[in-house]
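This is a predicted model, so every value here is computed, not measured. When a residue number appears, it is its place in the shown sequence, counting from 1.
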Amino acid sequence: MSYNLPSHLSDLPLYQKAMDIIVLSRSISTYLNQDLAYLNADGSEDSHIYFSGDIVQQSTNLAPEIINAEREHCSLKKHKHLESLDRLTHRLYNNCKRLEHSNSNGRDYLPMLRYELRKFRKLQRNWMMTL
């Protein structure tokens, strides 16, 4: 994934962690989708399959929000990007918890993603102090 980055941003630990989370969430989602794509005995689909797509979408949006916050000069607009990043992180963490209740062997990898999200949150708090 390539974004038009300011030069200092590619060295930012928060940005690097966001990129790691994107790769990890895509891998987990692919693994989960193989198990969750089948219909239930009553013909309904597994509702957890939507959460697997959500983790990919939310993780993919982390890096652009970091970039937008770094580029923004107006503090009010910068704050909106920071709030958005915080919401994305929270939703991503909650969707991981929901997926741990799914009927898939891929759920065993979700604690690893949640661990990475906790590290991301720590980096995020430190980064927000520098803005």
Side-chain angles (χ1 to χ4, degrees):
M1 184 161 301
S2 175
Y3 300 105
N4 190 9
L5 295 176
S7 60
H8 74 284
L9 198 57
S10 60
D11 296 332
L12 189 67
L14 180 70
Y15 181 80
Q16 292 301 322
K17 184 58 65 184
M19 299 309 288
D20 293 344
I21 289 171
I22 291 170
V23 171
L24 186 57
S25 66
R26 284 183 178 170
S27 299
I28 291 171
S29 179
T30 300
Y31 198 106
L32 287 169
N33 282 339
Q34 293 172 1
D35 292 339
L36 299 177
Y38 298 102
L39 295 178
N40 295 326
D42 64 354
S44 64
E45 60 187 4
D46 193 323
S47 63
H48 290 107
I49 196 161
Y50 297 109
F51 295 127
S52 67
D54 288 348
I55 66 170
V56 172
Q57 180 184 14
Q58 290 157 350
S59 66
T60 303
N61 289 329
L62 293 174
E65 286 300 330
I66 294 168
I67 293 168
N68 291 337
E70 279 282 330
R71 286 184 175 162
E72 192 58 59
H73 296 292
C74 174
S75 64
L76 183 61
K77 290 180 181 178
K78 186 179 293 241
H79 187 68
K80 287 185 179 192
H81 289 296
L82 296 176
E83 286 176 350
S84 178
L85 185 63
D86 201 37
R87 277 192 310 274
L88 282 170
T89 307
H90 181 73
R91 286 183 187 147
L92 186 53
Y93 192 85
N94 285 342
N95 284 333
C96 287
K97 285 172 50 174
R98 287 180 182 141
L99 280 168
E100 286 181 9
H101 300 292
S102 68
N103 187 23
S104 170
N105 292 332
R107 69 179 179 207
D108 297 336
Y109 297 105
L110 289 162
M112 184 171 36
L113 180 55
R114 284 183 36 213
Y115 175 74
E116 293 299 321
L117 283 168
R118 284 191 298 272
K119 290 187 344 187
F120 181 82
R121 282 180 174 168
K122 287 179 184 177
L123 291 169
Q124 180 182 355
R125 281 191 294 271
N126 292 336
W127 172 71
M128 287 170 63
M129 299 292 231
T130 66
L131 294 179

Problem set entry | Where at least one partner belongs to residues 111-131, residue pairs that pass ring pair (Phe, Tyr, Trp, His ring centres under 6.0 Å), sequence neighbours excluded | none

Exercise. Just by distance, do the side chain of S25 and the backbone of V56 share a donor-acceptor pair under 3.5 Å?
Worked result: no

Problem set entry | Beyond-backbone contact of Q57 with N61, side-chain heavy atoms, under 4.5 angstrom | yes

For this session: Mind listing the closest non-hydrogen atom pair of I66 and A18 along with its distance?
Result: CD1-CB, 3.8 Å

Problem set entry | Atom of K78, atom of A69 and distance for their closest heavy-atom approach | NZ-O, 3.3 Å

Exercise. What are the two closest non-hydrogen atoms of I22 and A63, and how far apart are they?
Worked result: CD1-CB, 4.4 Å

Exercise. What do the steps show when you test N126 against T130 for side-chain contact (heavy atoms from CB on, under 4.5 Å), and what is the final call?
Worked result: CA-CA 7 Å; N126 292 336; T130 66; over 6 Å; no

Exercise. Given the rule that I, L, V, M, F, W and Y join up when any side-chain heavy atoms are under 4.5 Å apart, are V23 and L117 in one cluster?
Worked result: no

Exercise. Could you state the interatomic distance from OH (Y109) to CG (L32), rounded to the nearest 0.5 Å?
Worked result: 10.5 Å

Exercise. Nearest heavy-atom pair of R26 and T60: which atoms, and what distance?
Worked result: NH2-OG1, 3.9 Å

Seminar exercise, completed: For R121 and H90 the tightest heavy-atom approach is NH2-CA, 3.6 Å

Problem set entry | Pairs touching residues 108-117 that satisfy salt bridge (Lys or Arg N to Asp or Glu O under 4.0 Å), sequence neighbours left out | K17-E116, E100-R114, E116-K119

Exercise. Do L123 and Q16 come within less than 4.5 Å of each other through their side chains, counting heavy atoms only?
Worked result: no

For this session: To the nearest 0.5 angstrom, please state how far the CD atom of Q124 sits from the CG atom of L85.
Result: 4.0 Å

Problem set entry | Atom pair CG (L92) and CG (L113), whose distance is rounded to the nearest 0.5 Å | 5.5 Å

Exercise. Nearest 0.5 Å, what's the CG-CG distance between L62 and D20?
Worked result: 11.5 Å

For this session: Give, for atom CG of L14 and atom NZ of K122, the distance between the pair rounded to the nearest 0.5 Å.
Result: 14.0 Å

Exercise. What distance do Q58 atom CD and N95 atom CG have between them, rounded to the nearest 0.5 Å?
Worked result: 4.5 Å

For this session: Carefully, step by step, assess R98 and D54 under the rule side-chain contact (heavy atoms from CB on, under 4.5 Å).
Result: CA-CA 11 Å; R98 287 180 182 141; D54 288 348; over 6 Å; no

Exercise. Under a 4.5 Å cut-off applied to non-hydrogen side-chain atoms, are I28 and Y31 in contact?
Worked result: no

Exercise. Of all heavy-atom pairs between S59 and I21, which one has the smallest distance, and what is that distance?
Worked result: CB-CG2, 3.8 Å

Seminar exercise, completed: So salt bridge (Lys or Arg N to Asp or Glu O under 4.0 Å) across residues 80-91, not counting sequence neighbours, yields none

